[in-house]
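Whatever order the structure lists them in is the order used to number ligands and atoms, beginning at 1.
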Amino acid sequence: MKRIVVVAAVLAFSAGAVVAQQDQVKRTQGMMKDNGKNAAALSAMVKGEKPYDQSTVNAALAQFDDTAKNLPTLFPESMKGVRLEGDYDASPKVWTDKAGFESQIKSFAKVVTDAKSKVKNLDTLKAELPVIGKQCSGCHETYRIKKG
Ligand code: HEC
């Protein structure tokens with residue numbers, strides 16, 4: 001289902017629909033914002049601010065997994081240079097260093113898959129969250145720019 005939407009969106013871009021491009025950026029940023037919220041929810045458990053809750057963990061990991069699956073299509077060529085409100089932009093390196101970006105996506109996907117099978121309690125969450133976080137920041141370091 002998602003694929004069909006993406007294909008439709010890509011077709012809309014090639015027709016030069018600026019509105020569709022902006023929708024795409026919004027969708028991408030929205031997905032990343034959800035990643036941020038989920039990562040914060042997991043980190044609250046690790047810090048002991050919230051009790052461990054498996055269903056919250058599962059939902060967060062499922063959303064990371066969904067992100068990993070969608071990342072290869074989240075930054076189509078047509079999104080290059082499209083600017084919206086928000087604190088961040090994708091770095092031009094997303095498009096100039098495609099191979100590097102794709103390998104970041106792959107390693108993120110792998111770590112999330114591992115975490116899905118490993119995280120069953122607070123101790124395993126404590127072990128896995130930094131591993132996931134490293135993937136998030138590893139990609140952001142190179143491929144995300146904070147707007148000045
Ligand atoms: C393969 C690369 C990659 C991975 C992995 C990745 N991100 Fe991102 N993220 C980006 C890029 C690129 C942007 C900038 C997108 C934009 O603003 O157009 C971004 C933006 C964001 C933003 C800012 C959204 C906004 O506009 O306010 C947050 C929050 C975020 N990511 C959280 C996360 C978290 C948490 C993870 C890990 C669970 C993660 N990301 C994994 C590439 C990645």
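- For ligand 1, the protein residues within 4.0 angstrom (heavy atoms only) are Gln29, Met32, Lys33, Asn35, Gly36, Ala39, Phe64, Leu71, Phe75, Tyr88, Asp89, Ala90, Phe101, Gln104, Ile105, Phe108, Cys136, Cys139, His140, Tyr143, Arg144.
- Inspection of the Asn58 and Ser55 side chains reveals no N or O donor paired with an N or O acceptor under 3.5 Å.
- No chain of hydrophobic side-chain contacts below 4.5 Å, direct or via other Ile, Leu, Val, Met, Phe, Trp or Tyr residues, connects Tyr88 to Tyr143.
- Among residues at least two apart or in separate chains, ring pair (Phe, Tyr, Trp, His ring centres under 6.0 Å) pairs with a member in residues 40-79 are Phe75-Phe101.
- Between Asp65 and Lys69 there is a salt bridge, since at least one side-chain N of the basic residue sits less than 4.0 Å from a carboxylate O of the acidic one.
- Side-chain atoms of Asp97 never come within 3.5 Å of backbone atoms of Lys93 as a donor-acceptor pair (strictly under, hydrogens ignored).
- Counting non-hydrogen atoms of neighbouring residues, nucleotides and ligands closer than 6.0 angstrom, the NZ atom of Lys110 reaches no more than 12 such neighbours.
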